[in-house]
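This report concerns only the one structure given below.
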Amino acid sequence: QVHVVESGGGLVQAGGSLRLSCAVSGRTFSGLAMAWFRQTPGKEREFRAAIDWSSGRTDYADPVKGRFTISRDNAKNTVYLQMNSLKPEDMGVYYCAARFGGLVRGGYPYWGQGTQVTVSS
């Protein structure tokens, strides 16, 4: 069982930056992968980025490559999503998710409550 709690959303102008945080708790972090998804009204959650907790290996969706960076702080049990050069199309509710068993873009059973990101043009 894993529990995740997001924070750090807000309102930012286009071209600006935001950093999202995801506090992770659980009995073990072995084999854990963490990911960020974005959801907009009427649409399914979209994969944005993922990180393997042990190796630090990362994966990014094409629309965010070069602008977003996912990282983790082992000492703080926290995953971050640094979002730079934000665009209005980046807006939505961002969810942190966790799974065991591989760095993939789907099949995450553990989810946070979400945090709103709004980008003004």
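Just so you know, these numbers come straight off a predicted model, no measurement behind them. Hydrogens, waters and symmetry mates are skipped; everything else that's a heavy atom, side chains included, is used.
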To check you understand the geometry: which heavy-atom pair defines the closest contact between Tyr94 and Val117, and what is its length? CD1-CG2, 3.5 Å
Are Leu86 and Val93 connected in the hydrophobic side-chain network, where two residues link if heavy atoms are under 4.5 Å apart? no
Looking at every heavy atom in both Met34 and Cys22, which two are closest together, and how far apart are they? CE-SG, 3.9 Å
As an exercise, state the distance from CZ of Phe68 to OG1 of Thr58, rounded to the nearest 0.5 Å. 14.0 Å
Trp53 side, atom CH2; Asn77 side, atom CG - distance, nearest 0.5 Å: 5.0 Å
Of the non-hydrogen atoms in Gly102 and Ala33, which two are nearest, and what is the gap between them? O-CB, 3.4 Å
Using the ring of each side chain (for Trp, its six-membered ring), is Trp111 parallel, tilted or perpendicular to Tyr95, with breaks at 30° and 60°? perpendicular
Would you mind telling me which of Met83, Gln82, Lys87 makes a side chain to side chain contact (heavy atoms under 4.5 Å, CB included) with Arg67? Lys87
Check Asp62 with Lys65, please: is the shortest side-chain N to carboxylate O separation under 4.0 Å? yes
If you measure from SG on Cys96 to CZ on Arg48, what distance do you get to the nearest 0.5 Å? 15.0 Å
Same cluster or not: are Val24 and Tyr110 linked, directly or through other Ile, Leu, Val, Met, Phe, Trp or Tyr residues, by side-chain heavy atoms under 4.5 angstrom apart? yes
Verify, without hydrogens or angle tests, whether Glu6 (side chain) and Gln113 (backbone) share a donor-acceptor contact under 3.5 angstrom. yes
For the atom pair CG (Asp59) and CD1 (Ile70), what is the distance rounded to the nearest 0.5 Å? 9.5 Å
What one should report as the nearest heavy-atom pair of Ser85 and Ser17 is N-OG, 4.3 Å
For Ala98 and Val2, the nearest pair of non-hydrogen atoms, with its separation, is CB-CG1, 3.9 Å
Distance col, row Leu32:CG vs Leu103:CG, nearest 0.5 angstrom, shows 11.0 Å
Locate the shortest heavy-atom distance separating Gly112 from Val4; write the atom from each residue and the value. N-CG2, 3.2 Å
Main-chain N/O of Tyr60 paired with Arg105 side-chain donor or acceptor, under 3.5 Å: yes
Exactly one candidate in Thr78, Thr115, Asp73, Val79 meets side chain to side chain contact (heavy atoms under 4.5 Å, CB included) with Ser21; the answer is Thr78
Could you check, using the six-membered ring where one of them is a Trp, whether Tyr108 and Phe37 have ring centers closer than 6.0 angstrom? yes
Quick one: does Arg99's side chain have a donor or acceptor within less than 3.5 Å of a partner on Gly106's backbone? yes
Single-linkage hydrophobic cluster Tyr80~Leu18, side-chain heavy atoms < 4.5 angstrom: no
Across all chains, not counting sequence neighbours, the salt bridge (charged side-chain N to carboxylate O under 4.0 Å, His left out) partners of Arg38 are Glu46
Assess whether side chain to side chain contact (heavy atoms under 4.5 Å, CB included) is satisfied between Val64 and Phe47, documenting all intermediate values. CA-CA 10 Å; Val64 307; Phe47 170 81; over 6 Å; no
Side chain to side chain contact (heavy atoms under 4.5 Å, CB included), that's the test. Do Asn74 and Phe29 meet it? Break it down for me. CA-CA 10 Å; Asn74 289 6; Phe29 285 57; over 6 Å; no
